[in-house]
Structures are given as structure tokens and as C-alpha cells.
Amino acid sequence: MTTEAFEPGEGEIKGNFIYQEIDRDLAAGKNGNKVLTRFPPEPNGYLHIGHAKSICINFGIADHYKAACNLRFDDTNPVKEEVEYIESIREDVTWLGFTWDGEVKYASDYFDQLYEWAVKLIKNGKAYVCDLTPDEIAAQKGTPTTPGKDSPYRTRSVEENLNLFERMRKGEFKEGERILRAKIDMSSPNMHMRDPIMYRILHKHHYRTGDKWCIYPMYDYTHGQSDFIEGITHSICTLEFEVHRPLYNWFLDQILDGEPVPVVKPRQIEFARLNLNYTVMSKRKLLELVQKGIVSGWDDPRIPTISGLRRRGYTPESIHQFAEKVGVARRDNIIDVALLEFCIREDLNKRAVRVNAVLDPVKLIITNYPQDKVEMLDSVNNPEDESMGVRTIPFSSEIYIERDDFMEQPPKNYFRLGPGLEVRLKSAYIIKCDDFKKDDSGKITEVYCTYDPETRSGMPQSHRKVKGTLHWVSAKHCINGEVRLYDRLFMDEEPDGHEDKDFKEFINPGSLKILTNCKLEPGLADVKPLDKFQFQRLGYFCVDADSGPGRLVFNKTVGLKDSWAKIVRK
RNA sequence: UGUUCCGUGGUGUAAUGGUAGCACAGAUGGUUUUGGUCCAUCUAGUCAGGGUUCAAAUCCUUGCGGAACAACCA
């Protein structure tokens, strides 16, 4: 990635309003004709599909303007942040196919500079140490509709503030005893301008700065300055930060007071965050699901974390497509998860190898096929892409078919097998059902058929029309495997603002089905984790990373239409 | 009864004063050795009123509706 200046006219046309704003800034000659964005997660959880949208926007802008994008960890709260999250976030961004500019950045690297600037604000009479308790501060802050009241400590002298702030840093006070506040306007209609907190005392070990600090800067005092330090031109964030923008600009103005006008002054632009219907997206709730053991971890295929989607079989390309299709705007939105599924089906349809697997097997015996004969038959790997070639699969007199694919008394528009009916076996012969056997409970145990030797795939007679095509595996050659059907975890209702219901009434619990008696095509013994397949008529699957020796585990990833994975409204 | 932001088919998103388009979802038909894919057709929209203009989704205005903001979180 380069940081050379953008030359207008390059790159494809992007229509969303952020591009228009950037174009406008470029046209006005701002920022020395440069563009630099950043993706700034707090390392307090794993990334999810909502972050993926933000990542695609920020890195997408960098690509478009032949510019760069930083990865910066917004790690100003040692209470919630962990190294594990840093690593997962780096991995997810990389997996999505993006490269950040230079080294990873950390807001905690700027703590010294931030402290110096805080001293500057105090000296300029723009910040003061306040001794009020949290409750007192809340009380004097007012409400959105009523003004607040000045703190009695607002008029402390510069010397006293300097002295107290220094002693805060040295650790002379307990947590909550004192804070540093900006001196702005307690009657501002914008709550964030009512003397916001800049620093709080936290006697906590920080995963990067260790015990060097016992005062930590707040988000508002950190973000804009971090952007400024890095030379970020456009600081793109979600809509809930919109009311913070005046404060973002105010802090920048204060630290720049008395300084020459900088070439790059960052500008915050907000867009509407991604919402998916029926989908649990809040970090807090996902954390709770993980901690309560409702899911197996942050990468459980049932939740919409990037690592969960990866295990579920999503490709980076499909997520890019999704981000492209949902667009970028400033109005609240609830995207239909069907769009996300469309994106992965569209992608997998082009790249997934078609294979046979029987999830719930019933034995089918071809009575007129020689008992010890084995034929190797060609089967195309992907009808959408000839270059993916063919593979050979064994065929013999005893095979397994899907239990669902035989009905004793089929209804009118049933495409599959029943007494007296003919179907094609995929890549093999047309067969006709003559008889079947049931056990005492009425369960079908065996199906008897005769095959038509003239109808093998590729033979002249093979194009005879029959109603349906079945997938199958040779009983003698198939391997036994386990298939896990992960259905997305989903909420009963669409997301409704900040509704905070209990999980028990909120989440569909029964979303993992384990099938242990699956019969798989022999070649599947050699597959690798995260390989993707489409099983004939059953849907797309992703091989689970949990596969161990002697066992194959598949995640069902995305169902075909009307298949199990479909979400049904209650 | 504060400030700010936002209202285009069921869901998203284009049209930046000049033919309301695209995608998903839904419906119908066709092709198909996957009930997949693919192809075709259909359904359905500018929150409301007023104003400016030859011309308004777009500009102005008044309503109405939705969202954000009162963490020593980000």
C-alpha cells in the first residue's frame, strides 16, 4: 500500500456520500491532497459482521484513493481489554484480505503526548480537576432537556489544577476520587459539551503500558488526537458518535491553540451501523453468550463474528460483496440476513466442489447389477466451472440414498423415488423401484431397484427424462462421518433500539444438530479444514476445523432455499 | 415537549433541479443429470400539506414519524 497523493480521475466511481465528502475535500485542496483512514477497534471482544462493514468502508476508501488505512487499537480502558482480542482482530482483518499501513497502532502509545496536551489545556484554563463523586457529577450534569450546573471546583487556579493533576498521575488518589474535566459549557444543549471527563483514575494494569499509568484518558479526549498524531484525514465512525463531533473538534482546536495551522486536520464522518434482522450483534450480548457457554466460543459458527462466519464457510469475497450491497448511508437500517446468505451462496456456487453425502442413509439394492462388480464413474466437480474438472466415484450394487428420497406413498409432485417410480442416480444410471422392506415400526429398511444399463451418464440413452435425480454413495466404499448442522442463533424479534431482554426469551436455543451416521463419498477422507463443498441437493458445507483422525466433521454452512437452515418467523 | 440526525417498493440502496433505476426478498413460467444454478416475466416506492420553478425524491416551509445524546465505556 502506498501513501502517494491521489490523482483525481483514477479508480472506479463510488457513489456513497463519504466518497463525495472526500472528493469535496480533495477538490478544496485540503490535507495536502492526501487521504488516510483508520479502523479503530477497542480490543474488548471479537469482530463481527458489523465491524466487517466498517473495515470494508475504511480499507475500501484507501484502495480507491490509492491511499492507506491504519489499524489502531483504541485501548484506553484497561478494565475491558485483552491481548487475545488484539490477536483475533489482526487475524480477522488479514483474513478479510486487507493490509494496514505500517505497524499496528495503539492509542496507548500516545499516552505521553496526551498527558502533555492535557497540561496545556490546564495552563490555558480549559481543563480542571474536579473532586465531585460520580453521583454528584451525574446530578449536576442536568438532562438533555435541562441545563447542568457548574462544578464548585470549576474555578480552581491553574496552579492548583496542575498540582492536583500531577498528583493524580503519581497515584496519590484513589479511584473515583478526582477526575480531569474539560471546561466548556455546562448549559450546552449537547450533553457531551457539559465539561466532559478527560482523565479518570484507574489503578489497573494495562496489557501494554503495564503499571506506568494510573490515570487513563477517555475516548473523547483520545480519539481525535490519535487521528491527528497519525495524520488521519477522514475519521469514519458510526452514527452514535455524531453528537461527539463538536467535542472531537473542540479538543483538536485546544491542542492546536497557538500552533501553526497543520496540513492535515482530521475530520469525523459518520455512517449508519449495520443491523441484521434476527441476529445478535451487540458485543455485550455476544460476550454473554460465550461466557454462559451457550455457544462454544467466539468462533462458534452460529454467531455472526467474523471468525464464526469463517468457520461457517463464509469467504472473504462474500463478505466484501455483502458490504458492497448493503451500501453506506446515514439512515437507520435493518438488513435482511437473506442478503448475507445470498452473497455466500453466490460465491460458493462458483467455487464449491459438488460431492455426494447421505446424511440419513437407507440402503438401496440394485437387484440386476452384478454383486461383486464395481464401476468407476466420472462426475463433474462443478457444473458452473468446467475447469474444475471431474472426479471418479465408485458404483456398485448396494448404495445408500437419503431417507427423505424414498416415499412409500409419494404425493403428486414428488420428484424422487417411490414404488414403481424411476429416478436418475447422479452421474450413474436410471433406476426403477420394484420393492422395499419395512421393520415392525414401519420404518423403511431397504429399497430394491433395477437399473437400466443403457442409461449410464454419457451413453446415448442417458438423456431419457426422469422426474428427479438422487445423490448416493456406494455402501462398500463410502466412509462414515459426522455432520453438524449449525443453525444461526436468532432472536425472536427484529432488533429494537436498545432493548435489553433476557437471553432465555430472546434466543432460539436449538440450533446445533449432530448427525453421526452419515455416509460420505470416499474422496472426502482427504479434505482439509475449511474446504467447501456443495452436497447434491443438500446445501453448502464447510469442513470444520475440529476434524480429527478417523473422523470427518462438517459444518453445514448455508442451506439451499427451503432447506433446514432457513430461518422461520415464529 | 431541548439539541442533532434521518424519512424513496417488504428490505436495502441509486437518481445531487430534467425518463424514479439496481439488488435482495416474494410470485409465475422456462432450461437443467442437484427441488441447486441459469433465463424470462410480474408484484411493489419518493411520509403528508403548502411554496419556489417550465420542471421537485432533490430547494424552502410547516407538520408527522423514527433515531441518537443524561457511563469515571468505546
Side-chain angles (χ1 to χ4, degrees), chain A residues 15-17 20 40-42 44 74-77 79-81 107 130 132-134 137-139 141-148 175-181 188-194 197-202 215-216 218-220 222-223 237-246 270 272 277 283-284 324-336 338-343 345-346 349-350 354 356 379-380 382-384 413-416 423-428 430 455 457-458 462-471 497-498 534-540 560-563:
Chain A
N16 79 51
F17 77 97
Q20 289 165 18
E42 183 189 14
N44 67 346
D74 229 332
D75 54 354
T76 57
N77 184 359
V79 180
K80 290 164 133 190
E81 295 150 10
C130 181
L132 256 24
T133 66
I137 286 182
K141 195 156 195 175
T143 70
T145 52
T146 56
E175 287 187 14
E177 225 170 79
R178 289 193 160 87
I179 52 171
L180 183 71
R181 302 177 73 175
S188 169
N190 183 337
M191 295 293 285
H192 296 277
M193 300 299 273
R194 320 243 265 226
I197 297 169
M198 293 167 63
Y199 274 91
R200 76 283 213 193
I201 297 169
L202 249 27
I215 56 171
Y216 290 92
M218 300 286 289
Y219 165 85
D220 284 310
T222 307
H223 204 91
C237 62
T238 46
L239 235 34
E240 64 266 30
F241 291 103
E242 183 178 6
V243 283
H244 296 240
R245 197 191 325 139
E270 310 86 16
N277 56 5
K283 258 190 195 175
R284 201 207 106 237
E324 191 67 37
K325 284 182 193 297
V326 298
V328 181
R330 283 173 68 83
R331 67 181 96 130
D332 294 329
N333 59 79
I334 301 176
I335 308 289
D336 193 340
L339 183 61
L340 180 61
E341 296 200 333
F342 168 79
C343 291
R345 268 190 277 113
E346 186 185 44
N349 180 49
K350 283 178 281 188
R354 273 57 167 172
N356 292 300
S379 191
V380 294
N382 187 333
E384 312 302 315
N413 45 10
Y414 186 69
F415 288 17
R416 292 164 266 169
V423 292
R424 165 164 300 281
L425 295 173
K426 173 76 183 173
S427 306
I430 292 174
T455 59
S457 285
S462 71
H463 292 294
R464 222 174 81 207
K465 295 268 183 259
V466 287
K467 246 182 157 181
T469 304
L470 302 189
H471 57 275
H498 278 215
Q534 192 191 73
F535 288 170
Q536 308 293 345
R537 232 195 55 244
L538 295 176
Y540 295 98
L560 303 180
K561 283 179 197 167
D562 304 318
S563 180

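Below, chains carry the letters A, B, ... as their sequence lines are ordered, and counting in each starts from 1. Note that the structure is predicted; figures quoted are calculated from it, not measured.
Nearest nucleotide to the side chain of A/Arg345, out of B/rA14, B/rU37, B/rU33: B/rU37. Ranking B/rU34, B/rU13, B/rC72 by closeness to the A/Ile137 side chain, first place goes to B/rC72. Listed candidates were B/rC73, B/rG12, B/rU33. Nearest to the side chain of A/Arg424 is B/rU33. In the set B/rU33, B/rC24, B/rU34, the nucleotide with an atom closest to the side chain of A/Ala338 is B/rC24. Here the side chain of A/Pro383 is nearest to one of B/rA25, B/rA74, B/rG36, namely B/rG36.
Each of A/His192 and A/Pro189 was assigned the nucleotide of RNA chain B with the nearest heavy atom; the assignment lying further toward the 5' end belongs to A/Pro189. Taking the nucleotide of RNA chain B with the nearest heavy atom to each of A/Tyr414 and A/Glu242, the more 5' of the two is matched to A/Glu242.
The nearest whole Å value for the distance from the CZ atom in A/Arg331 to the P atom in B/rG12 is 9 Å. Look at CD on A/Glu270: it is 10 Å from P on B/rC5, rounded to the nearest Å. Between the P atom of B/rU33 and the CD atom of A/Glu384 lies a distance of 14 Å, rounded to the nearest Å. Spacing between atom CD1 of A/Ile335 and atom P of B/rU11 amounts to 11 Å, rounded to whole angstrom units. Look at CE on A/Met193: it is 14 Å from P on B/rU4, rounded to the nearest Å. When rounded to the nearest whole Å, the span between CG of A/Leu470 and P of B/rU32 equals 18 Å. The interatomic distance linking A/Leu340 (CG) with B/rG12 (C1') rounds to 13 Å, in whole Å. Going from atom CG of A/Leu339 over to atom C1' of B/rA25 covers 9 Å, rounded to whole Å.
Taking the six-membered ring where tryptophan is involved, the planes of A/His244 and A/Tyr219 are perpendicular, since the angle between them exceeds 60° and thus also 30°.
Between A/Lys283 and A/Glu42 there is no salt bridge, since no side-chain N of the basic residue sits under 4.0 Å from a carboxylate O of the acidic one.
Within 4.0 Å of A/Leu132, counting heavy atoms only, lies at least one base atom of the nucleic acid. A/Asn190 comes within 4.0 angstrom of nothing in the nucleic acid, heavy atoms only. Among the protein residues, A/Val380 comes within range of no part of the nucleic acid, since none of its heavy atoms lies under 4.0 Å from any strand. Nucleic acid contact class of A/Arg416 (heavy atoms, under 4.0 Å, all strands): base. Using a 4.0 Å heavy-atom criterion, one finds that A/Gly176 contacts the bases of the nucleic acid, with or without backbone contacts as well. Note on A/Asn413: a base of the nucleic acid sits closer than 4.0 angstrom, heavy atoms only. Heavy atoms of A/Phe415 sit under 4.0 angstrom from at least one base atom. Heavy atoms of A/Thr222 sit nowhere under 4.0 angstrom from any nucleic acid atom. Residue A/Phe17 is out of contact with every strand shown, counting any heavy-atom pair closer than 4.0 Å. Residue contacts for A/Lys80: at a heavy-atom cut-off of 4.0 Å it reaches a base atom on one of the strands shown. Counting any heavy atom pair closer than 4.0 Å across all strands shown, A/Tyr199 reaches no nucleic acid atom.
Rounded to the nearest Å, the gap between the C1' atom of B/rU28 and that of B/rU43 is 10 Å. Comparing B/rG49 with B/rA14, their C1' atoms sit 27 Å apart, to the nearest whole Å. If you take atom P in B/rC39 and the same atom in B/rA56, they sit 38 Å apart, rounded to whole Å. If you take atom P in B/rU13 and the same atom in B/rC6, they sit 13 Å apart, rounded to whole Å. Atom name C1', nucleotides B/rG30 and B/rC22: the rounded distance is 24 Å, in whole Å. B/rC69 and B/rG50 have their C1' atoms separated by 32 Å, given to the nearest Å. Annotation: B/rU19 and B/rU58 have their C1' atoms spaced 16 Å apart (nearest Å). Distance noted for atom P between B/rU1 and B/rA44: 45 Å (whole Å).
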I need a per-nucleotide contact map over nucleotides 40-47 of chain B, read 5' to 3'. Cutoff is protein heavy atoms under 4.0 Å; write B for the base, S for backbone only, - otherwise.
--------

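Checking the phosphate oxygens (OP1, OP2) of B/rA74, a side-chain nitrogen or oxygen of A/Thr76 falls inside 4.0 Å. The phosphate of B/rU32 (OP1 or OP2) has a side-chain N or O of A/Lys465 nearer than 4.0 angstrom. Between A/Arg200 and B/rC73 there is a side-chain N or O to OP1 or OP2 distance below 4.0 Å. The phosphate of B/rC6 (OP1 or OP2) has a side-chain N or O of A/Arg330 nearer than 4.0 angstrom.
Distance check: A/Met218 CE to A/Arg200 CZ gives 5.0 Å after rounding to the nearest 0.5 Å. Rounding to the nearest 0.5 Å places CD1 of A/Ile179 at 7.5 Å from CG of A/Leu132.
Side-chain atoms of A/Asp74 never come within 3.5 Å of backbone atoms of A/Ala107 as a donor-acceptor pair (strictly under, hydrogens ignored).
A donor-acceptor contact under 3.5 Å is not formed by the side chain of A/Ser427 with the base of B/rU33. A/His244 contributes a side-chain N or O that forms a donor-acceptor pair with the base of B/rA74 under 3.5 Å.
In this structure, the side chains of A/Arg354 and A/Ser379 stay at 4.5 Å or more apart for every pair of heavy atoms. By the 4.5 Å heavy-atom criterion applied to side chains, A/Val328 and A/Phe17 are counted as neighbours. Between A/Arg330 and A/Glu242, some side-chain heavy-atom pair lies under the 4.5 Å cut-off.
Residues passing the side-chain hydrogen bond (donor to acceptor under 3.5 Å, both in side chains) test with A/Thr143, sequence neighbours excluded: A/Thr145, A/Thr146.
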Which string of ( ) [ ] | and . matches RNA chain B, if you list each base 5' to 3' and count Watson-Crick or G-U pairs only when both distances are under 3.5 Å?
.((((((..((((....[..)))).(((((.......)))))....(((((..]....))))))))))).....

